[in-house]
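Structure, as structure tokens:
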2 protein chains.
Amino acid sequence: MTKQRVIVFNTVKALGSHPTAFEIFERVRKELPGVSLSTVYRNLSILVDQGDILTVRGIGQEVHYDHNLHDHYHVQCRICGKVSDIHTDFIIPSCINPNNEEGYIIEDMLITLIGVCPECANRMKVEDEDA
Amino acid sequence: MTKQRVIVFNTVKALGSHPTAFEIFERVRKELPGVSLSTVYRNLSILVDQGDILTVRGIGQEVHYDHNLHDHYHVQCRICGKVSDIHTDFIIPSCINPNNEEGYIIEDMLITLIGVCPECANRMKVEDEDA
DNA sequence: CATTATATTCGGAATAGTTCCGATTACGAA
DNA sequence: TTCGTAATCGGAACTATTCCGAATATAATG
């Protein structure tokens with residue numbers, strides 16, 4: 001754990017939301033002005049490999065990072081791209097059946113809900129009324 | 001439906017697998033040598049908007065395209081990136097409960113399993129034996 | 001403490017996937 | 001045929017990420 005790695009890790013935790021690498025970089029920079037983007041990327045990748053943080057993917061090509069290792073799910077706004085945790089009562093299988101005709105060794109399951117966040121929904125409503 | 005759009009659509013169907021935009025471009029090119037990559041991208045995007053094809057996302061940043069509109073799920077090999085349909089008997093909720101504390105309007109659900117395909121699993125086994 | 005080895009950092013260049021844009025071309029309606 | 005709209009081509013631009021070489025920090029050893 002180098003100084004930079006600790007700060008990257010703490011920043012992911014501090015931001016709480018589901019920041020992208022660049023958002024983490026911008027925040028780390030405040031504490032460590034000379035840090036480079038590649039250092040942030042490398043340390044994020046090490047932290048993911050070590051299981052200290054998780055990645056979240058949605059639509060769009062950026063990866064989001066999550067410090068919450070507990071079993072939970074995400075929703076992404078298709079308008080603004082924001083990722084949030086989601087609390088709803090529908091059931092997602094927490095156990096993956098490894099048997100499949102295709103012969104894959106299944107290791108993980110990416111699940112992200114897609115929708116519109118309250119802020120964007122509201123903004124769209126206001127814009128409709130104005131028009 | 002322009003000539004190019006029809007060919008892009010037919011190519012996605014013909015390829016059957018879950019090709020990336022570039023793979024589609026390379027195949028379309030054989031039939032339409034002067035086609036540009038941007039034309040392929042634009043038409044893929046229009047076909048997606050019209051609901052004629054679907055996108056599949058996994059790890060990595062490329063988008064895969066799928067002509068199969070029926071309800072089914074995908075698995076991606078984390079080694080080679082290949083995407084396949086998956087037939088297994090675990091249960092995925094087909095109906096999304098729209099109620100959630102966060103107030104999102106939920107519209108869709110991205111699900112992709114991640115694992116190792118039989119070919120890569122075998123190749124890794126052989127390499128281990130050699131070493 | 002000095003020395004050496006190893007790992008990490010910085011900075012920028014390179015890459016990959018995708019989108020955008022201006023100029024040209026095809027298509028349809030009048 | 002003419003005009004207007006939409007689509008195409010080609011390449012530049014953009015975004016996210018990875019890679020690489022040189023410099024620096026860290027740790028272990030004598």
- Would you say B:Q4 reaches D:dC9's phosphate, i.e. side-chain N/O to OP1/OP2 under 4.0 Å? yes

- Any Lys/Arg nitrogen of B:K82 or B:E119 sitting under 4.0 Å from an Asp/Glu carboxylate oxygen of the other? yes

- Do side-chain atoms of B:S45 reach the backbone of B:Y41 as a donor and acceptor pair under 3.5 angstrom? no

- Start and end of the DNA chain C segment that chain A contacts, any atom under 4.0 Å from a heavy atom: C:dT8 to C:dT18

- Just how far, in rounded Å, is P of D:dA27 from NZ of A:K3? 12 Å

- Item | DNA chain D contacts made by residues 26-63 of chain A, counting heavy atoms under 4.0 Å | A:L37, A:S38, A:Y41, A:Q61, A:E62, A:V63

- Task: Only one of B:L44, B:N68, B:I46 passes side chain to side chain contact (heavy atoms under 4.5 Å, CB included) with B:I53; say which it is.
- Result: B:L44

- Whole angstrom is fine here: how far is it from CZ in B:R5 over to P in D:dC9? 12 Å

- Task: For A:R42 and A:T39, test the side chains for any donor-to-acceptor distance below 3.5 angstrom and give the result as yes or no.
- Result: yes

- Query: Out of curiosity, A:T11 OG1 to A:L32 CG, how far, rounded to the nearest 0.5 Å?
  - Reply: 9.0 Å

Under 3.5 Å, which donor-acceptor pairs do the side chains of residues 15-25 of chain B form with other protein atoms, sequence neighbours left out?
residue, atom, partner, partner atom, Å
B:S17, OG, B:L15, O, 3.4
B:H18, ND1, B:V83, O, 3.1
B:H18, NE2, B:H74, NE2, 3.4
B:H18, NE2, B:D85, OD1, 2.8
B:T20, OG1, B:E23, N, 3.3
B:E23, OE1, B:T20, N, 2.9

- Donor-acceptor pair between A:H72 and A:D66 side chains, under 3.5 angstrom: yes

- Message: Does either side chain, that of A:S84 or that of B:Y104, offer a donor lying less than 3.5 Å from an acceptor on the other one?
- Response: yes

